[in-house]
S.K.: 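Structure incoming, see below.
In what follows, every chain begins at residue 1, and chains take the letters A, B, ... in the order their sequences are listed. Values in this document were obtained by computation on a predicted structure and should not be read as measured data.
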Amino acid sequence: MDLNRRLFLGAATAAATLTAPMLRAQDRPKVVVIGGGAGGATAAHYIAKDSEGAIDVTLVEPSRTYHTCFFSNLYLGGFVPAESLGHSYGKLAGMGVNVVHDWAVGVDRDAKTVTLAGGGQLPYDKLIISPGIDFVEGSVPGWSLATQTMMPHAYKGGTQAELLKAQIAAMPEGGTYAMVAPPNPYRCPPGPYERISMVAHHLTQSNPTAKILIVDPKEKFSKQGLFEEGWAKHYGGMIDRIGPDFGGDVVEVRPGEMEIVIDGEVEKVDVANVIPAMKAGRIAELAGLTNDAGWAPVTPDTMQSREDADIHVLGDASQQGDMPKSGFSANSQAKVAAMAVRGELTGSKVFPARYSNTCWSLIATDDGVKVGASYQPTDDKISKVDGFISQTGEDAALRKATYEESLGWYQGITSDMFG
Amino acid sequence: MARRSPTLASFALVLAAGAAIAAEDIGDADRGAELFYDCAGCHEVGAGAVNRVGPHLNGIFGRRAGAIEGYPYSKAMARAGADGMEWHLDTLDAYLENPKALVSRTRMNFDGLPEAQDRADMLAYLRIFSANPRDIPEAEPTARADLPDLDPAILAIEGDPEYGEYLSSECTTCHQRDGGDGGIPGIILWPAEDFVVAMHAYKQKKRPHPVMQMMAARLSDEEIAALAAYFATLNP
Ligand SMILES: Cc1cc2nc3c(=O)[nH]c(=O)nc-3n(C[C@H](O)[C@H](O)[C@H](O)COP(=O)(O)OP(=O)(O)OC[C@H]3O[C@@H](n4cnc5c(N)ncnc54)[C@H](O)[C@@H]3O)c2cc1C
């Protein structure tokens, strides 16, 4: 239909529509996107789709398959198969995105080039960085990346979730699964607690005398009332949480001995799921975009780095204001950045930014809850406008509908990211 | 037919006094019984009523939408019930005026009763078959409203599809561009008017659902029109 309409349009419009794709590749403005996750894939998708060939888009991502962290807890609970979490970049490539499977190891902001681990250099007019998170070394004494197979975090995509699931399955009868929960700010505020719910669901069936221990440096956590209500209802007695008032913030681990030391007390555990403190993915730091806290500050209306207007930082790595670090947020921010980038490079219309987020969590079979908010740019940050959260005491029909909605959302966001 | 405001006024008074609402306060039940011929092809009501094309309507007041066990409701009606929608004067009035405005994808193939008085009389009649003793106060004392309250000028707004395309990116995180429904309904290729009405029902909080109420709350009338124009022609 589009084609027909274009063919019959007046000559002037037709020429305008047709010039862009006819430009030779080297004449087109270049956008490089580092990271093919919730933020980066969405940005590459929207720029390619909406610029209709007028912009040369390159996506740099080491993995051929992106494994979503979202829904990885449902995989631990046995609600979705591992394969359902993997997504490839084939459709984006089909839309004209050059997908380069490599690591970005440096950014030369003066020359405006990205250096790849494989040795190549990619020139850019605009750079978008959405590398997700890395862990703060030393934040849990005794833990390092070298011990991540003994004490998995399962907090980044890839094989960690499968490893954690295998370790839980191998727990002795009546054994202990312990989680060291992260301090704020971290990706997916309800994520650790949804994980606890899913591990409890799994253990209730396979190992009902097992224990779950949460060692938490935070006083309070996301959707706490909803989770605690659900845990009491579905998993009575299985879950214990040690907060900072009982030393949950003074913790050390001994991976070799499978021990967790909480404020001097030694606990022997069978599975230790250590989720350390987080910071922006390392490439943001290498590009000189991060602050002392380890995150990359951005302007609220375009997600441009405060350090460099030709670079946009999206998702978990950015420090933008009120939005939680979530896949939904990264996806929402990516669309705003994509529009701003197209506006600058091709003069396309730019509308006022608006953002939103909703995070669903599954507590038990058909017992879903959600929290969400809408946001807008204000002078110094992205600010919350309006929000909602599921209520305690909701009936089963509503909780089931909420869970089913989350399945719809997963299909929606993954096709919004990968085409 | 003109609306009879005296009926509405006395209705409000009864409510204010916290007293019971009898069928007589709603409308003319005898006339409603005649009008029920419009519904009888699909619904039964009264002693021994059973489900037919549509569910039986005994006890409809105060009942959750889509709540009769075993009746094959549409996904949309089941969803409305799960979201917490109950049948009271206001929701029934809105559903009968334009079924698809309140429950966009309802299976009820009925254009609606455009006249307020017809709906009032119909509801007076149905009220007789709800709750015994029948003169209990309404579970949720809300005045009868035409839902959603839409100025015809709002329906007449010509949406800008280009703006709609931009705004749509906020929707497609949940609503798939290809119209697929894997737990969240498809919203493409709807007649623009139905779309506008559905969005205003959320915006006015007449239709339950926290996500959609929040999304709609910050959309202006022009923005809703723009989205309707864009999604109406989105061809996956
Ligand atoms: C257990 C769990 C549950 C979650 N549940 C939800 C949920 O229900 N809803 C929700 O909205 N969010 C959820 N999240 C959060 C969500 O996964 C993240 O917030 C989101 O993925 C952030 O997107 P991003 O683009 O910032 O980073 P990511 O999606 O992590 O993407 C970063 C990508 O960049 C690549 N990369 C990193 N460095 C480089 C480099 N130097 N060169 C090239 N590529 C690089 C990585 O390989 C990766 O693919 C959950 C997270 C976890 C851990």
Side-chain angles (χ1 to χ4, degrees), chain A residues 1-2 38 42 45-46 49-50 327-329 331-332 334-336 338-339 348-358 360 368 370-376 385-391 394-417 419, chain B residues 64-67 69 73 75-86 160-188 202-203 205 208-220 222-223 226 233-236:
Chain A
M1 163 218 138
D2 260 7
T42 307
H45 179 194
Y46 271 75
K49 171 171 84 63
D50 293 339
F328 200 123
S329 296
N331 169 271
S332 172
K335 293 166 191 171
V336 168
M339 176 179 62
S348 67
K349 220 158 152 180
V350 175
F351 297 101
R354 49 170 85 214
Y355 304 95
S356 53
N357 176 59
T358 299
W360 286 266
K370 64 186 168 207
V371 58
S374 54
Y375 305 86
Q376 69 186 25
V385 181
D386 187 12
F388 62 85
I389 182 164
S390 296
Q391 301 299 308
E394 284 172 350
D395 67 29
L398 178 52
R399 290 295 176 87
K400 180 163 192 270
T402 302
Y403 168 58
E404 282 166 0
E405 239 167 75
S406 73
L407 301 176
W409 166 76
Y410 187 87
Q411 289 183 10
I413 191 171
T414 50
S415 61
D416 210 35
M417 287 163 63
Chain B
R64 233 184 207 215
E69 283 295 321
Y73 288 101
K75 240 184 185 161
M77 186 65 81
R79 204 175 255 141
D83 288 344
M85 191 165 84
E86 286 184 359
D160 167 5
E162 194 192 348
Y163 189 31
E165 176 166 19
Y166 161 60
L167 294 168
S168 77
S169 69
E170 207 181 359
C171 321
T172 52
T173 309
C174 292
H175 296 285
Q176 293 176 60
R177 244 169 231 289
D178 65 6
D181 177 351
I184 290 181
I187 57 170
I188 65 169
Y202 287 122
K203 188 173 159 89
K205 308 217 187 299
H209 199 276
V211 173
M212 284 309 303
Q213 287 183 353
M214 179 183 85
M215 299 304 298
R218 69 162 158 176
L219 293 169
S220 67
E222 284 70 29
E223 288 171 334
T233 56
L234 182 57
N235 229 328

S.K.: Would A/Ser332 and B/Glu170 count as having a side-chain donor-acceptor pair, cut-off 3.5 Å?
M.R.: no

S.K.: Tell me which of these, B/Leu167, B/Asp181, B/Ile184, has more heavy-atom pairs under 4.5 Å with chain A than the rest.
M.R.: B/Ile184

S.K.: Given side chains that start at C-beta, do those of A/Glu404 and B/Lys75 come closer than 4.5 Å, heavy atoms only?
M.R.: no

S.K.: Starting from the C-alpha separation in whole Å, work towards a yes-or-no answer on side chain to side chain contact (heavy atoms under 4.5 Å, CB included) for A/Met417 and B/Thr173.
M.R.: CA-CA 9 Å; A/Met417 287 163 63; B/Thr173 309; over 6 Å; no

S.K.: Taking A/Ser415, A/Ala373, A/Gly327, A/Ala338 one by one, which has the highest count of heavy-atom pairs under 4.5 Å against chain B?
M.R.: A/Ala373

S.K.: Highest number of heavy-atom pairs under 4.5 Å with chain B: which of A/Gln411, A/Lys400, A/Arg354?
M.R.: A/Arg354

S.K.: Under a 4.5 Å cut-off applied to non-hydrogen side-chain atoms, are A/Lys370 and B/Pro210 in contact?
M.R.: yes

S.K.: A/Tyr46: what forms a ring pair (Phe, Tyr, Trp, His ring centres under 6.0 Å) with it, not counting sequence neighbours?
M.R.: none

S.K.: Please name the pair of heavy atoms, one in A/Ala397 and one in B/Ala82, separated by the smallest distance, quoted to 0.1 Å.
M.R.: O-CB, 3.7 Å

S.K.: Heavy-atom distance under 4.5 Å to chain B: side chain of A/Ser374, backbone, both or neither?
M.R.: both

S.K.: Of B/Met215, B/Arg218, B/Met214, which meets side chain to side chain contact (heavy atoms under 4.5 Å, CB included) against A/Asp386?
M.R.: B/Met214

S.K.: Test your reading of the model: is there a side-chain donor-acceptor pair from B/Tyr166 to the backbone of A/Pro352, 3.5 Å cut-off?
M.R.: yes

S.K.: When heavy-atom pairs shorter than 4.5 Å are enumerated against chain B, which of A/Tyr410, A/Phe351, A/Trp409 gives the highest number?
M.R.: A/Phe351

S.K.: Please lay out, stage by stage, how A/Lys335 and B/Thr172 fare under the test side chain to side chain contact (heavy atoms under 4.5 Å, CB included).
M.R.: CA-CA 11 Å; A/Lys335 293 166 191 171; B/Thr172 52; 4.0 Å; yes

S.K.: In chain order, what residues pass the salt bridge (charged side-chain N to carboxylate O under 4.0 Å, His left out) check against B/Glu162, with sequence neighbours excluded?
M.R.: A/Lys349

S.K.: Quick one: CG on A/Asp416 to OG on B/Ser169, what's the gap to the nearest 0.5 Å?
M.R.: 7.5 Å

